[in-house]
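Input: a single structure, listed below in structure tokens.
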Amino acid sequence: MKAFKIILSLLLVASAVALIVFVGGALGNPDDVIARLDADNLAATDSKLQKARDRALESAQAGDREKTLRNIDRYVEGFGDQLELGGQNRLDLFFYRHGPSLIAVSIVVIVAAAALLVSALDSRGRYRKAAIYALLIVLLYAGIYIVENLAGASSMLMTVLKKGAIYALIAVSLNLLNGFTGLFSLGQAGFMLIGAYTYAIFTIATENRAQVYQYYNGGLVQFSLPPLVALVLAGLAAAFFASLVGLPVLRLKSDYLAIATLGFAEIIRAIFQYDGLGPLTNGSNLLRKFATFDSALFPFAVAGVCIALIAMLIHSTYGRAFKAIRDDEVAAEAMGINLFRHKQMAFVISSFFAGVGGALLAMFQTTVQASAFKSSMTYELLLIVVIGGMGSITGSVLASFLFIASSEWWLRFLDNTQMIGDFQVPLLRSGFRMVVFSAIIMVVVLFYRRGIMGDKEFSLKRLSQRFRRKGESRNA
Amino acid sequence: MPEHILQLKDITMQFGGVVAVDSLSLYVDEGEIVALIGPNGAGKTTAFNCVTGVYKPTNGQVSYRGKLIVSNHPQGKMKTLYAGSDKDKYTQVLEPTPDKITALGIARTFQNIRLFKTQTVFENVLIAMHLHRTSNLFTATLHLNSKEEKQHHQRALELLEAVNLLDQKDELATSLPYGMQRRLEIARALATKPQLLLLDEPAAGMNPQETDTLSAFILDIKQQFKLSVFLIEHHMDLVMDISDRIYVIDFGKLIAHGTPAEVQDNPDVIRAYLGVEE
Ligand SMILES: Nc1ncnc2c1ncn2[C@@H]1O[C@H](COP(=O)(O)OP(=O)(O)OP(=O)(O)O)[C@@H](O)[C@H]1O
Ligand SMILES: [Mg+2]
């Protein structure tokens with residue numbers, strides 16, 4: 001068994017490496033394939049064909065893969081019957097088109113092989129969990145990458161995934177506060193705003209500043225930072241404001257805390273639109289032309305790392321202290337937990353990640369404007385947390401994707417009038433989506449008050465246990 | 001003579017016009033079991049709350065091993081409202097939060113059990129270890145403190161073993177019967193490594209059998225963890241059985257003090273308990 005596993009994993013690695021080599025070759029010289037397509041050298045006599053071929057060659061030499069693919073498509077569409085599209089050429093074209101996805105698959109195979117190797121060599125099962133996690137993570141990211149290559153970066157599916165990942169991070173940060181520490185705060189939109197603005201202000205390219213800050217003489221800041229640095233800075237700025245606000249506010253009892261944080265968010269929104277701060281915030285005008293992302297891998301990577309950090313915090317001794325405060329403040333204090341310091345910690349950390357989430361949202365939207373960060377944004381997030389389950393990280397993540405998908409995509413058809421033959425389906429018109437959406441949310445909140453996950457976490461162990469139990473009962 | 005482990009001087013706690021504890025002075029010595037008894041509403045729990053920082057006493061001082069830990073005198077509105085005595089005796093103000101008191105080595109249990117209700121028996125004890133962490137936010141989040149975590153887990157298991165709750169360790173704390181919940185509260189208090197343990201009616205809600213074994217249990221943990229014990233209890237059998245000394249209060253005032261035998265025969269105590277009008 002052990003030898004079999006080792007041999008299998010080595011074979012897997014070998015085949016994955018072979019695939020990478022093949023694909024790499026095809027990715028490396030598309031011009032070679034394009035030239036070979038015209039096996040009979042028709043270009044010499046047919047000027048139209050020559051033009052189409054040269055266009056493809058040109059973009060291939062420029063290294064623009066997407067454009068090259070488009071040009072190849074046009075070339076093949078127009079002159080397919082005259083070109084050599086069989087055998088090696090077809091394979092090379094396939095490799096060129098799906099190369100990145102295939103490389104992603106190869107990487108998954110290599111990691112799977114590594115996991116297999118670990119399970120073969122590590123007889124005590126010490127690294128089993130880590131190997132499974134590594135495999136799942138690589139699978140997730142490779143999957144996203146492949147789907148993105150198939151569906152296109154600007155497709156509805158990818159839009160929902162990107163926004164869903166960002167909301168997942170912010171919802172988890174809110175859950176840390178409301179679900180795990182029992183602090184009912186409604187200031188999340190304010191901290192997102194601070195993060196979004198901090199990020200935007202510091203990543204606008206210097207040459208674009210004059211244009212963006214046209215009413216403020218090009219603005220105050222005249223340098224720009226790398227996106228990752230600015231992301232951290234966005235979190236730190238939100239955390240800094242949180243620590244200031246926390247001093248007076250966290251001593252308040254729950255209802256007052258909610259009102260005070262809500263008020264803070266509204267004040268922040270007003271301040272950021274204040275004309276006097278224009279050189280920094282561009283007043284009530286948009287901020288734009290800052291560094292953004294194309295691929296969904298970026299928000300998934302950032303949100304993934306942040307959510308993992310929050311999860312690790314919750315599973316540490318500090319997370320236990322937070323939950324103790326949520327369950328019973330008096331008892332927690334009697335156990336030597338300093339209430340104020342730990343509440344402040346949860347508040348500042350939650351705000352840090354809300355700031356990072358706000359920055360990601362700015363990147364996703366490509367523009368920011370303070371007026372968009374209304375309290376309704378916080379309510380949306382609160383709904384996600386409640387739907388997912390107070391005190392469940394996986395619940396919040398799941399609920400974020402479901403929420404964004406329904407609000408942006410699945411329920412869209414309700415906004416369009418539909419005809420079945422001559423019959424116009426009643427009620428379907430612009431705005432009806434929001435009615436249905438609100439009704440669904442009300443049903444969830446009324447009848448599934450503990451949310452999808454309650455305060456439990458989704459885990460493979462529980463899932464496998466459940467299946468096993470079902471299997472057993474069926475066998476019995 | 002060594003210092004008292006706990007000393008209350010003229011502690012008065014006044015809620016608006018109600019004087020719940022009235023110039024209470026008492027002490028507990030190292031290694032003693034001292035009981036505080038009195039009829040319902042006499043102010044016993046309030047006295048505990050003044051020691052543990054839950055309430056700030058209106059007047060008076062508390063010392064732990066000779067070190068002043070709580071001190072107050074009537075201030076603000078209380079200057080005119082104050083109905084107790086010794087209002088000018090103390091000038092210092094010391095108002096630590098309960099976690100500071102616990103950190104000094106004074107742990108407590110609650111009359112109306114206060115366990116962490118969403119947590120398991122094991123987690124309830126583990127939470128109390130947070131006080132003695134050496135990790136900080138970063139090392140704990142990045143799980144660089146696994147050695148300490150392991151020690152804490154180990155010690156939590158030992159404590160559960162000591163209070164005989166090891167078999168229930170993965171159950172939800174609040175799903176346990178009353179008697180076990182009381183023992184869990186004690187285990188949780190012990191996890192903070194106290195030298196002085198305050199027990200507020202540990203037998204309340206226990207069945208007669210459990211109450212019978214409680215005396216031996218308290219004596220046992222006192223021995224094992226080298227504790228001094230200060231307890232409130234209504235079960236006179238238990239109190240007479242294990243206490244070295246007893247304080248009796250009524251309407252917040254100390255009415256008797258002495259060994260179990262002395263207190264038992266005190267006419268004031270009998271009167272307070274039988275409710276004879278004067
Ligand atoms: N927070 C408070 N605000 C106002 N009054 C209070 C407060 N806490 C206690 N009291 C009052 O102080 C008095 C003493 O209460 P306490 O709980 O200390 O009595 P006890 O001796 O512990 O009684 P029991 O045996 O019933 O537990 C009571 O009259 C009670 O109503
Ligand atoms: Mg009481």
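Naming convention: chains lettered A, B, ... in sequence-line order (proteins, then strands); numbering from 1 in each chain. Note that the structure is a prediction, hence the values are computed from the model and not measured.
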Would you call [X] and [Y] a side-chain contact if the rule is heavy atoms closer than 4.5 Å?
X	Y	answer
Phe340(A)	Thr97(B)	no
Tyr318(A)	Leu137(B)	yes
Met335(A)	Thr102(B)	no
Arg326(A)	Thr118(B)	yes
Arg320(A)	His130(B)	no
Leu142(B)	Leu309(A)	yes
Glu149(B)	Thr317(A)	yes

If you count every heavy atom of other residues, nucleotides or ligands that lies below 6.0 Å from [X] atom [atom1], does the total exceed 12?
X	atom1	answer
Phe138(B)	CZ	no
Tyr141(A)	OH	yes
Tyr256(A)	OH	no

Open item on the list: Between His143(B) (side chain only) and Met312(A) (backbone N and O only), is there a donor and an acceptor less than 3.5 Å apart?
Closed with: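 Yes.
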Open item on the list: For a quick test of reading the model, state the closest non-hydrogen atom pair linking Ser316(A) to Ala140(B) and the distance between them.
Closed with: CB-O, 3.4 Å
TODO: Would you name the heavy atoms of Asp328(A) and Phe116(B) that are closest together and state the gap between them?
DONE: O-CE2, 3.8 Å
Open item on the list: Please classify the contact of Ala103(B) with chain A as side chain, backbone, both or neither, using a heavy-atom distance under 4.5 Å.
Closed with: neither
Task: chain A contact via Ser135(B) - side chain, backbone, both or neither, heavy atoms under 4.5 Å - done: both
Task: Under 4.5 Å from any heavy atom of chain B - which part of Ala311(A) - done: neither
- [ ] Could you look at Ile349(A) and say if it's the side chain, the backbone, both or neither that has a heavy atom under 4.5 Å from chain B?
- [x]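 Side chain only.
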TODO: Sort out for me which of Arg108(B), Glu185(B), Arg133(B) touches chain A most, counting heavy-atom pairs under 4.5 Å.
DONE: Arg133(B)
Open item on the list: Please rank Leu126(B), Thr52(B), Val54(B) by heavy-atom pairs under 4.5 Å with chain A and give me the top one.
Closed with: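 The residue among Leu126(B), Thr52(B), Val54(B) with the greatest pair count is Leu126(B).
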Open item on the list: Under 4.0 Å between a side-chain nitrogen and a carboxylate oxygen: does that hold for Glu333(A) and Arg114(B)?
Closed with: no
- [ ] Could you tell me the separation between the OG1 atom of Thr174(B) and the CG atom of Asp327(A), rounded to the nearest 0.5 Å?
- [x]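 The OG1 atom of Thr174(B) sits 9.0 Å away from the CG atom of Asp327(A).
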